[in-house]
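All values reported here derive from a predicted model rather than from experimental measurement.
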Amino acid sequence: MVYRIYVEKKQGLTAEADALRNDIVNLLGIKGLTGLRLLNRYDAEQLDKDLFDYCTKTVFSEPQLDDLREEIPTDGAAVFAVEYLPGQFDQRADSAEQCVKLLKETEEPVIKTATTYVISGSLTKEELDAVKAFCINPVDSRETGMEKPKTLVTEFAEPADVRILDGFTTLDADGLKQLYDSLGLATVSYTHLTLP
């Protein structure tokens, strides 16, 4: 079972969202942007519901600073979420997993996070695309869906055995060319190959 919670800074403590909104208005010139909210989304699996509920107020948020939500009230605003690419280190998710393990060492939770942006105002599709491009660093992040996944556990296919090339060092130029062609490798200039 995947549990989900959204964490948002309380009114008056939204300096990060306010600064991002000002950057978008001033740097991108999108004057129709009237509001921007940032919510940290936590998806958790492989822990019991009571522990998850306890963690919402101790690990995922600070009750005196944050509001918790199970759903995002959008009121017609545009919403998109950004997560790290597979293989990128997610400090927030890793810290949350470590904290849950400290609370109950028998648990092996899987936690994934995403930053959810709620954009208010009258923006065209092109302006919304520009906001997304401004907020998403394609080197380490990507836009993700808003649907809660059925599982957070990633299954990887078993890789094929590594092919062993017998006699590679004894191939002549024609043999090397046939090998390159059979493996689908990039074209090379055979005139520069020096064979023993």
Do [X] and [Y] meet the criterion of a side-chain donor-acceptor pair at a distance under 3.5 Å?
X: Gln178; Y: Ser182; result: no
X: Asn137; Y: Ser141; result: no
X: Glu83; Y: Thr113; result: no

Side-chain donor or acceptor of [X] paired with backbone N/O of [Y] under 3.5 Å:
X: Arg41; Y: Arg4; answer: no
X: Glu45; Y: Leu152; answer: yes
X: Thr170; Y: Gly167; answer: yes
X: Glu127; Y: Thr124; answer: yes

Salt bridge flag under 4.0 Å for residues [X] and [Y]:
X: Glu8; Y: Arg69; answer: yes
X: Asp43; Y: Lys112; answer: no
X: Lys104; Y: Asp48; answer: yes

Side-chain heavy-atom pair [X], [Y] within 4.5 angstrom cut-off:
X: Arg21; Y: Val25; value: yes
X: Ile111; Y: Val100; value: yes
X: Leu179; Y: Phe168; value: yes
X: Leu27; Y: Asn22; value: no
X: Leu20; Y: Cys135; value: yes
X: Asp90; Y: Glu97; value: no

Is the gap between the ring centers of Phe60 and Phe52 under 6.0 Å?
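Between Phe52 and Phe60, which both carry aromatic rings, the centre distance is below 6.0 Å.
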Within 6.0 angstrom of Glu71 CD, more than 12 heavy atoms from elsewhere
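For Glu71, atom CD is not crowded (no more than 12 foreign heavy atoms under 6.0 Å).
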Would Lys132 pass as a cation-pi partner of Phe80, given that its NZ or CZ must be under 6.0 Å from the six-membered ring centre and within 45 degrees of the axis?
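Yes, a cation-pi geometry holds between Lys132 and Phe80.
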Does the pair Asp66 and Lys10 meet the rule for a side chain to side chain contact (heavy atoms under 4.5 Å, CB included), with working shown?
CA-CA 5 Å; Asp66 300 315; Lys10 290 181 182 287; 5.7 Å; no
Check against salt bridge (Lys or Arg N to Asp or Glu O under 4.0 Å), Glu108 and Lys101
CA-CA 7 Å; Glu108 288 295 329; Lys101 288 177 189 176; 3.6 Å; yes
